[in-house]
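Below is one structure, written out as structure tokens; the observations come after it.
Counting starts at 1 for both ligands and their atoms, following the listed order.
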Amino acid sequence: MRELTARLATRRARGLYRERLVLASAQGVHIRVGDETLLSFCSNDYLGLANDPRVVAAFCAGAERYGAGAGASHLISGHNIAHQALEDELADFVGSPRALLFSTGYMANLGVVTALSDRHSIVFEDKLNHASLIDAARLTQAKVKRYPHADMERLTTMLANSAVPSVIASDAVFSMDGDLAPLQRLLPLARAHKAWLLVDDAHGIGVLGPGGRGSLAHLDIATQAPVILMGTLGKAFGVFGAFVAGDEPLIETLIQHARTYIYTTALPPAVAEATRASLQIVRSEEWRRERLQSLVDRFVEQATQMGLSLTGARTPIQPVILGSPEAAVAASRTLRAQGILVPAIRPPTVAPGTSRLRITFSAAHEPAHVDRLLQALAQLSDGGS
Ligand SMILES: *Cc1c(COP(=O)(O)O)cnc(C)c1O
């Protein structure tokens, strides 16, 4: 007990203590926190679907028909026709023979990496990969090798000096920097070394590529072996859950061996029904992606003119690098005082010296919201100079 209290106190003293906001509204551009209404730039609801009436209606209808919970894991009696239909539609969406639903993206990554490696394997990971990919590799008995961010020369050397690897795993859009992984260069490396290439497209699926088919489609890479696509359904899709897409033997292997698939309760079928409605909107409403991109472009152009330090990415994840944790926290507080919610991201989530504001945009934002954010950022930099 006393040890925990001391550890928490140390964390607080270092300015690293984390606390949750309590939302009293649906997710959206304007959120209610206590008695404040805040303009939010920090959700992953990239297309503004989390509170779309059609998605909510499908959720309700699904609950009416199939109840509140699945009642069992997929392999016992929890696999419902709603799950099956969603898997078929997701496979069709990404152009893959099969797709398999997982309860979260975190669990999907753990399941894929553990099912495909053993103590003789080596798992290669980009240093900036999401925690779930890092944890997935830790959970295996495989050797784990992390290459410097997007450094294909280093990865080539590491692969050349290694026994046969099992998996090369990478975020497609990196969650803290918003940049795209060099997937066109990773693919031939994976092929040459007979490794799987696990592409975590949590931030690209629904957002990038023709029809929102994701980062692979954006780069014209087919979703077929050795590529494994992991997409999440709680971000651009606005619902919850995740899927893995690949060929028949891969998906059957996951059903047999992925412990995070086997030993957990299936998603509520109503969630699958809501996601089916969301998928239809993702596929058909191209204007959401166009609008999102024009907001991103508006922000990047003006922020660059203002001399803010961006990463060069053109995705809806736009970090403003400020340097010290104190600077990032102070900036976030100043924006909050003006009713704008933008989180400060500090080490160890990002490298020392690169503490930042992490701004995310949604198709539900208006150009005027972006302008209000830019004005507030301009005042910040005036205040600092
Ligand atoms: C959010 C995220 C995940 C986890 O997905 P959940 O469905 O929220 O568990 C995995 N990878 C990346 C890159 C993410 O951003």
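Of all protein heavy atoms, the one lying nearest to atom 8 (O) of ligand 1 is Lys235 NZ, 4.5 Å. Ranking protein heavy atoms by distance to atom 4 (C) of ligand 1, first place goes to Tyr106 N, 3.6 Å.
Taking distance alone, with nitrogen or oxygen atoms compared against 3.5 Å, Thr232 stays at or beyond that limit from ligand 1. On a distance-only criterion, Ser175 and ligand 1 share no N/O pair closer than 3.5 Å. Here's the thing with Asp200: one of its N/O atoms is less than 3.5 angstrom from an N/O atom of ligand 1.
In the vicinity of Gly105, heavy-atom distances shorter than 4.0 Å reach the ligand 1 atoms 4 (C), 5 (O), 6 (P), 7 (O), 9 (O). Annotation for ligand 1: atoms under 4.0 Å from non-hydrogen atoms of Ala202 are 2 (C), 11 (N), 12 (C), 13 (C), 14 (C), 15 (O). Those atoms of ligand 1 with a heavy atom of Thr104 less than 4.0 angstrom away are 7 (O), 9 (O). Close approach of ligand 1 to His203 (heavy-atom distance below 4.0 Å) involves ligand atoms 14 (C), 15 (O).
Contacts of Met107 with ligand 1, taken as heavy-atom pairs under 4.0 Å, are absent altogether. With a 4.0 Å cut-off on non-hydrogen atoms, Ser132 touches ligand 1 through its side chain and not its backbone.
Between the Arg98 side chain and the Val244 main chain, no donor and acceptor come within less than 3.5 Å of each other.
The aromatic rings of Phe299 and Phe361 lie tilted to each other, with the angle between the two planes from 30° to 60°. Ring-plane geometry between Phe41 and His365 is classed as parallel, the angle between the planes falling under 30 degrees on a 0 to 90 degree scale with a further cut at 60.
No more than 12 heavy atoms of other residues, nucleotides or ligands lie within 6.0 Å of CG in Asp220, so this atom counts as exposed by the packing criterion.
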| task | Step by step, work out the side-chain hydrogen bond (donor to acceptor under 3.5 Å, both in side chains) result for Gln84 and Asp88. | result | CA-CA 6 Å; Gln84 188 61 50; Asp88 294 346; 3.2 Å; yes
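A search for salt bridge (charged side-chain N to carboxylate O under 4.0 Å, His left out) contacts involving Arg154 returns nothing, not counting sequence neighbours.
The closest side-chain donor-acceptor pair between Asp297 and Ser294, if any, does not fall under 3.5 angstrom.
Between Arg314 and Glu301 there is a salt bridge, since a side-chain N of the basic residue sits under 4.0 Å from a carboxylate O of the acidic one.
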